[in-house]
Protein chains: 2
Amino acid sequence: MTRMHYTRDNMAGLLRSHDINPTHQRIEIAHALFSRQEHLSADQVMAIVNTRHSETSKATVYNTLKLFLEKGLVREVIVDPSKVFFDPNTSPHHHLYEVDSGKLSDIDAEHVQISGLPPLPDNMVTEGIDLIVRVRRKA
Amino acid sequence: MTRMHYTRDNMAGLLRSHDINPTHQRIEIAHALFSRQEHLSADQVMAIVNTRHSETSKATVYNTLKLFLEKGLVREVIVDPSKVFFDPNTSPHHHLYEVDSGKLSDIDAEHVQISGLPPLPDNMVTEGIDLIVRVRRKA
DNA sequence: TCCGGATATTAGACAAAGTCCAGATTGCCG
DNA sequence: CGGCAATCTGGACTTTGTCTAATATCCGGA
Ligand SMILES: [Mn+2]
Ligand SMILES: [Mn+2]
Ligand SMILES: [Zn+2]
Ligand SMILES: [Zn+2]
């Protein structure tokens, strides 16, 4: 698989392929997430998108991230009680969270095995399994 | 093992055994959590403790829950982006979260096996591993 | 019993994340 | 160009949680 280069132009196609109308703001927000391949909070997205001069409102940032989420373009990571992170990596994977620094990184799911989970009630479907390894700097 | 009955009187001993000075407010808050054995948010604790007549301030509820956390009396569960849950069950276990209703329940860790996690960098210690199964009502 | 310091509680101001709304802008089609 | 739907916007608002300075409670020693 060749390495993808996330240009703004590519973003339009990515958005369309997820049934999202590619507007200027949406392209910028997608570009912020995908070009970095990092976990970003709404605030961070906002800051990145508005570095040069203010272009995108807070409402649009939140609306757009929610839209991306609904359309399956990004994933939500809930590890920090004070803010949500948005993850451009939607393939199944886990997370390593450094509680001191707030640094969040991916753990490849390939070799991780979770077994022995009890069966779900019939009327329930699994939406996802989140595995978070919380670590701290050694004293 | 006999079933523990969480009376207010027992709470004082429990607090002392965790090196917490048992004050009236602390006993009430511990009692709210331990007598129910449920995951409660700060708001819910506040409501429970102040049902009859207002007795405990918001600041004290937050201060006390943080103290309980530091002293290892309760555990924090971060699954809902909008609020933290406090868990009187500190034995290792996992969680089942119903995204629609917000209902949070325990998964016994006994039979769950997690294998294949990559080794940590030398200067890091695991503080905990959170496994959250997110489920949704079937359509 | 009275005093003084340490510990705990409090009201309410404050901060940060996120939601909501009503009015503007944009893009598109006839 | 004119109309309509979709999008974006500033800013008010809500909720969760933190902070602070004043008060209250507790406790050990004189
Ligand atoms: Mn731009
Ligand atoms: Mn009482
Ligand atoms: Zn990730
Ligand atoms: Zn639990």
Side-chain angles (χ1 to χ4, degrees), chain A residues 11-12 15-16 18-33 39-50 52-71 73-87 99 102 104, chain B residues 11-12 15-16 18-33 39-50 52-71 73-87 99 102 104:
Chain A
M11 290 301 102
L15 292 178
R16 270 189 222 95
H18 282 260
D19 202 23
I20 298 167
N21 194 358
T23 64
H24 177 64
Q25 286 87 341
R26 289 170 181 176
I27 287 169
E28 288 298 322
I29 291 171
H31 186 252
L33 281 160
H39 307 87
L40 300 179
S41 65
D43 234 37
Q44 289 175 303
V45 169
M46 180 91 170
I48 291 168
V49 160
N50 290 335
R52 299 182 167 284
H53 43 89
S54 187
E55 294 188 335
T56 305
S57 72
K58 185 170 63 145
T60 297
V61 170
Y62 278 99
N63 288 344
T64 300
L65 289 170
K66 188 183 284 179
L67 178 69
F68 286 4
L69 200 58
E70 285 162 9
K71 298 293 190 177
L73 185 62
V74 301
R75 161 178 173 180
E76 215 178 15
V77 184
I78 300 168
V79 285
D80 183 311
S82 75
K83 62 176 67 128
V84 171
F85 287 101
F86 294 88
D87 191 343
V99 291
L104 182 61
Chain B
M11 289 303 102
L15 293 177
R16 270 188 223 98
H18 282 261
D19 202 21
I20 298 166
N21 194 358
T23 64
H24 178 63
Q25 285 87 341
R26 288 169 181 176
I27 288 170
E28 289 297 322
I29 291 172
H31 186 252
L33 282 160
H39 308 87
L40 300 178
S41 65
D43 233 38
Q44 290 176 303
V45 168
M46 179 90 170
I48 291 167
V49 161
N50 291 334
R52 299 181 168 282
H53 43 90
S54 187
E55 297 190 332
T56 305
S57 72
K58 186 170 62 145
T60 297
V61 169
Y62 278 99
N63 288 346
T64 300
L65 289 171
K66 187 183 285 179
L67 177 69
F68 285 4
L69 201 58
E70 286 163 9
K71 298 294 188 175
L73 185 62
V74 301
R75 162 178 173 177
E76 216 178 15
V77 184
I78 301 169
V79 286
D80 183 310
S82 74
K83 62 176 68 130
V84 171
F85 287 101
F86 295 88
D87 191 343
V99 291
L104 182 61

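Residue numbering restarts at 1 for every chain, and letters A, B, ... go by the order of the sequence lines.
- If you take CG of B:Asp19 and P of C:dT7, they are 12 Å apart, rounded to a whole angstrom.
- Residue B:Ile20 contributes atom CD1, which lies 15 Å from atom P of C:dT7 at whole-angstrom precision.
- Atoms CE (A:Met46) and P (D:dG10) sit 8 Å apart, rounded to a whole Å.
- The 5' end of DNA chain D is approached more closely, in terms of each residue's nearest nucleotide, by A:Val61 than by the other of A:Val61 and B:Asn63.
- Among all heavy-atom pairs drawn from A:Val77 and A:His39, the shortest one is CG2-CD2, 4.2 Å.
- One can place CZ of B:Phe85 at 15 Å from C1' of D:dG17, the figure rounded to the nearest angstrom.
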Q | Sugar-phosphate or base contact per nucleotide [nucleotides 11-19 of chain C; S, B, -; heavy atom under 4.0 Å] | A | B-B---SBB
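- The separation between A:Arg26 atom CZ and D:dT9 atom C1' is 14 Å, rounded to whole Å.
- We find that CD of B:Gln25 is positioned 10 Å from C1' of D:dA24, with the value rounded to whole Å.
- B:Asn21 has no side-chain polar atom (N or O) that falls below the 4.0 Å cut-off from OP1 or OP2 of D:dC26.
- The two atoms that bring B:Pro81 and A:Val84 nearest to each other are CB-CG2, 3.3 Å, heavy atoms only.
- When rounded to the nearest whole Å, the span between CG of B:Leu40 and P of D:dG17 equals 13 Å.
- At the heavy-atom level, B:Thr60 lies under 4.0 Å from base atoms of the strands shown.
- Taking all atoms of both residues into account, the shortest heavy-atom contact from B:Lys71 to B:His18 is O-ND1, 3.3 Å.
- In this structure, A:Glu28 places its CD atom 17 Å from P of D:dT7, rounding to the nearest Å.
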Q: Scan nucleotides 22-30 of chain C nucleotide by nucleotide, 5' to 3', and note B when protein non-hydrogen atoms come under 4.0 Å of the base, S if they reach only the sugar-phosphate, - if neither.
A: ---------
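- Between the CG atom in A:Leu33 and the OG1 atom in A:Thr64 there is a gap of 10.5 Å [rounded to 0.5 Å].
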